[in-house]
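The model shown is predicted, which means the values in this text are computed figures rather than measured ones.
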Amino acid sequence: MKHFHFRENELYCEDTPVAEIAQEFGTPLYLYSRQQLVDNFRSIDGAFAGVDHTTCYALKANSNHELLKILVAEGAGADAVSAGEIHLALKAGFAPSTITFAGVGKQDAEIEFALKHDIFAFNVESTEELAVIDAIAGRMGRKARIALRVNPDIDASTHPYISTGLKSNKFGIDIAVAAEVFTYAHSLPNLHVDGIHTHIGSQILKLDPFVQTAQKVVKLVADLRASGINIQHIDFGGGYGVTYKNAVKHPLLPSEETTAADEAPMNGEFIGAVLPILRSAGCKIVIEPGRSIVANTGILVTKVLYRKDNGVKKFVIVDAGMNDLIRPSLYQAYHQIVPLTLKEGERESVDVVGPVCETGDFFARERTLPYVHRGDMLAILTAGAYGFSFTSHYNARPALAEVLVNGDKVRVIREREKIEDIK
Ligand code: LLP
């Protein structure tokens with residue numbers, strides 16, 4: 001996260017001190033770097049130079065309208081999982097011909113909505129869904145372009161909640177019977193079978209699961225072509241992992257012990273590993289990254305409300321809660337936490353917890369941090385993906401403001417909700 005860095009002992013986003021922004025806009029606050037977003041997108045999209053492809057940004061990671069507009073200007077497509085996300089993508093200016101629609105549980109009204117807007121493709125998850133899309137398209141006098149999501153049974157070695165490419169997961173169609181299902185799809189009058197879709201999980205840190213998946217997919221394309229089904233595109237999902245530990249370094253910051261498994265390869269390396277294999281199929285390539293584009297683009301800035309020592313543990317109680325960033329509570333996910341201003345001095349082991357009435361409301365447990373006081377500001381790093389988009393109103397807490405930094409300029413890209421906004 002090159003665009004978040006310490007100058008002297010102050011955390012900066014691009015050319016702006018984060019503490020100044022927090023003073024002006026209040027906490028808790030999501031804060032994004034425009035340049036980091038653009039750099040991340042280019043590091044992925046640029047790895048395809050000369051190849052027919054679309055980088056369909058997965059809106060679920062963060063669907064802020066202003067961030068989406070930046071990605072549209074960079075030439076991104078959109079990966080949506082609901083009519084709501086298709087609506088947000090269209091509103092931000094993504095061309096319908098670059099929008100894919102994924103998800104195991106598409107409702108009829110959502111299918112109609114997607115057909116009406118003539119999106120690029122439905123990523124279909126089951127035989128029953130094929131029949132439903134065919135029937136709805138027939139009723140509407142349309143032809144639905146589809147890719148069949150194939151479950152390659154590959155272990156992506158990620159958190160079990162975000163692994164999607166194993167037979168035991170709810171996603172896709174078993175690769176062993178995929179050819180039969182493609183033949184069935186091909187027989188339906190209102191479908192145009194255009195692609196193969198795979199997605200093996202999120203926060204994947206190894207290249208090998210991608211390579212194995214690419215090999216399986218390319219073989220399937222060849223088998224299908226031999227049986228007269230001409231696959232035109234491969235939608236090669238699976239989320240490139242990002243580095244959460246020691247994302248920002250400074251001599252006054254404790255550094256976390258890491259193993260090779262904590263370090264994410266560069267975005268371009270994921271693509272470099274599979275591109276030669278995928279290209280051999282001669283198809284258009286679609287990818288659908290979310291986290292690798294937005295995670296290290298954003299931080300959650302929060303203020304220390306209280307300190308508490310119960311004799312067993314020390315707690316630092318902050319003004320952000322699990323309703324603002326659920327990843328630590330839900331996946332025991334690690335996010336680096338840094339004071340906005342670093343000082344020489346004592347360190348201590350603390351639990352950083354929120355105000356929500358749940359024991360699971362924590363951002364870090366037994367974490368060594370510089371000693372902080374009431375009123376100090378902290379940044380929870382690498383919070384741009386599945387941060388704001390996963391917020392809730394639990395405990396009737398208003399949604400946070402989001403701000404965007406561009407060099408030394410800052411603007412609000414989502415107003416903070418007021419108490420009166422809570423229904
Ligand atoms: N496409 C499909 C079909 C997906 O299921 C996902 C993520 C993506 C694309 C984007 O994957 P990414 O590049 O972001 O890894 N809330 C969890 C992550 C859930 C991911 C679900 N699917 C977290 O905070 O770690």
Asks: Could you walk me through whether Asp45 and His53 pass side-chain hydrogen bond (donor to acceptor under 3.5 Å, both in side chains), step by step?
Replies: CA-CA 9 Å; Asp45 201 57; His53 77 285; 2.7 Å; yes
Asks: Ignoring hydrogens and geometry, is there a side-chain-to-backbone donor-acceptor pair from Gln203 to Val242 under 3.5 Å?
Replies: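 Checked: pair present.
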Asks: Hey, is Lys69 close enough to Glu66 for a salt bridge, meaning N to O under 4.0 Å?
Replies: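 So Lys69 pairs with Glu66 through a salt bridge.
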Asks: Give me the atom names and distance for the closest heavy-atom approach of Pro355 to Asp361.
Replies: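 It is N-OD2, 3.2 Å.
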Asks: A cation-pi test, strictly: NZ or CZ of Arg374 under 6.0 Å from the centre of the six-membered ring of Tyr306 and no more than 45 degrees from its axis. Yes or no?
Replies: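 The answer is yes; both the distance and angle limits are met.
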Asks: Distance-only, no hydrogens or angles: does the Thr198 side chain make a donor-acceptor pair with backbone N or O of Val150 under 3.5 Å?
Replies: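 No.
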Asks: I'd like to know if the side chain of Asn40 pairs up with that of Asn267 as donor and acceptor (distance under 3.5 Å, no hydrogens or angles considered).
Replies: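 The criterion, which ignores hydrogens and geometry beyond distance, is not satisfied for Asn267 and Asn40.
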Asks: Which heavy atom of Ile234 sits nearest to which heavy atom of Ala281, and what is that distance?
Replies: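 Heavy atoms only, the tightest pair is CD1-CB, 4.0 Å.
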Asks: Do the charged groups of Arg145 and Asp118 touch, with an N to O distance under 4.0 Å?
Replies: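 Salt bridge between Arg145 and Asp118, a charged N being under 4.0 Å from a carboxylate O: yes.
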Asks: Under the side chain to side chain contact (heavy atoms under 4.5 Å, CB included) test, which residues partner Pro254, sequence neighbours left out?
Replies: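 Per chain and number, Pro254 pairs via side chain to side chain contact (heavy atoms under 4.5 Å, CB included) with Arg347, Thr368, Pro370.
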Asks: Under a 3.5 Å distance rule, please check whether Gln36 uses its side chain to pair with a backbone N or O of Thr297 as donor and acceptor.
Replies: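 Between the backbone of Thr297 and the side chain of Gln36 there is no qualifying donor-acceptor contact (under 3.5 Å).
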Asks: Starting from the C-alpha separation in whole Å, work towards a yes-or-no answer on salt bridge (Lys or Arg N to Asp or Glu O under 4.0 Å) for Arg416 and Asp421.
Replies: CA-CA 10 Å; Arg416 185 181 300 284; Asp421 298 330; over 6 Å; no
Asks: Please report the closest heavy-atom contact between Ala22 and Thr27, naming both atoms and the distance.
Replies: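 Scanning both residues completely, I find the closest heavy atoms to be CB-CG2, 4.1 Å.
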Asks: Could you tell me if Ser255 and Asn246 have a donor-acceptor pair between their side chains, going purely by distance under 3.5 Å?
Replies: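 Asn246 vs Ser255: no donor-acceptor pair found between side chains.
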Asks: Using the ring of each side chain (for Trp, its six-membered ring), is His233 parallel, tilted or perpendicular to Phe120, with breaks at 30° and 60°?
Replies: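 Answer is tilted, since the angle falls between 30° and 60°.
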Asks: Got a donor-acceptor contact below 3.5 angstrom from the Asp262 side chain to the Lys245 backbone?
Replies: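 Side chain of Asp262 to backbone of Lys245: no pair is present.
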Asks: Could I get the full list of ring-ring contact (aromatic ring centres under 6.0 Å, His included) partners for Tyr244, not counting sequence neighbours?
Replies: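 By the ring-ring contact (aromatic ring centres under 6.0 Å, His included) rule, Tyr244 matches His335.
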Asks: Where the side chain of Asp351 meets the backbone of Val353, is there a donor-acceptor pair that is under 3.5 Å apart?
Replies: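 Not a single qualifying donor-acceptor pair exists.
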Asks: Heavy atoms only: give me the nearest Ile317-Gly354 pair and the separation to one decimal.
Replies: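 Heavy-atom minimum between the residues: CG2-O, 4.3 Å.
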Asks: Tell me, yes or no, whether the heavy-atom count around Lys284 atom NZ, taken from other residues, nucleotides or ligands under 6.0 Å, exceeds 12.
Replies: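 Yes, the 6.0 Å shell around NZ holds more than 12 heavy atoms from other groups.
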Asks: Answer with yes or no whether the side chains of Ser33 and Glu14 bring together a donor and an acceptor at under 3.5 Å.
Replies: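 There is such a pair (donor and acceptor under 3.5 Å, judged by atom type) between the side chains of Glu14 and Ser33.
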Asks: Donor-acceptor pair, His250 side chain versus Leu252 backbone, under 3.5 Å?
Replies: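 Here the side-chain-to-backbone pair exists.
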Asks: Between Glu288 (side chain) and Gly237 (backbone), is there a donor-acceptor pair under 3.5 Å?
Replies: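 No; judged by distance alone, with no hydrogens or angles, the pair does not exist.
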Asks: Does NZ or CZ of Arg307 fall inside the cone over Tyr371's six-membered ring, less than 6.0 Å from its centre and within 45° of the axis?
Replies: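 Yes; both conditions hold, so Arg307 lies above the ring face of Tyr371.
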Asks: What's the shortest heavy-atom distance between Ala89 and Ile99, and which atoms?
Replies: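 Distance-wise, the nearest heavy atoms are CB-CD1, 4.0 Å.
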Asks: Quick check: closest heavy atoms across Thr359 and Arg365, and the distance to 0.1 Å?
Replies: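 Taking Thr359 first and Arg365 second, the nearest heavy atoms are O-NH2, 3.4 Å.
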Asks: Which pairs pass side-chain hydrogen bond (donor to acceptor under 3.5 Å, both in side chains) with one or both residues in residues 394-407, sequence neighbours excluded?
Replies: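 Listed once each, the pairs are Tyr32-Glu402, Asn64-Glu402, Asn323-Arg397, Asp324-Arg397, Glu358-Tyr394, Glu402-Arg414.
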Asks: For the residue pair Asp39 and His3, confirm or rule out a side-chain donor-acceptor distance under 3.5 Å.
Replies: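 The criterion, which ignores hydrogens and geometry beyond distance, is satisfied for His3 and Asp39.
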Asks: Where the side chain of Ser389 meets the backbone of Lys60, is there a donor-acceptor pair that is under 3.5 Å apart?
Replies: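 Yes, the answer is positive, given that a donor and an acceptor are paired below the 3.5 Å cut-off.
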Asks: Measure the acute angle between the ring planes of Tyr12 and His5, then classify it against the limits of 30° and 60° as parallel, tilted or perpendicular.
Replies: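 Rings of Tyr12 and His5: parallel, as their planes differ by under 30°.
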Asks: May I ask you to check whether over 12 heavy atoms, not counting those of Met140, lie within 6.0 Å of atom CE?
Replies: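 Buried by this count: over 12 neighbours within 6.0 Å.
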Asks: Please check if the distance between the ring centroids of Tyr240 and Phe210 is under 6.0 Å.
Replies: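 Ring centroids of Tyr240 and Phe210 are less than 6.0 Å from each other.
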Asks: Check whether any side-chain N or O of Glu20 sits under 3.5 Å from a backbone N or O of Pro17 as a donor-acceptor pair, and report yes or no.
Replies: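 No: the side chain of Glu20 does not pair with the backbone of Pro17.
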Asks: Taking the six-membered ring of Phe101 as reference, does the NZ or CZ atom of Lys106 fall below 6.0 Å from its centre and within a 45° cone about the axis?
Replies: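 Yes, Lys106 and Phe101 form such a contact.
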Asks: Judged by atom type as modelled, is there a donor-acceptor pair below 3.5 Å linking the side chain of Thr54 to the main-chain atoms of Val286?
Replies: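 Answer holds: no.
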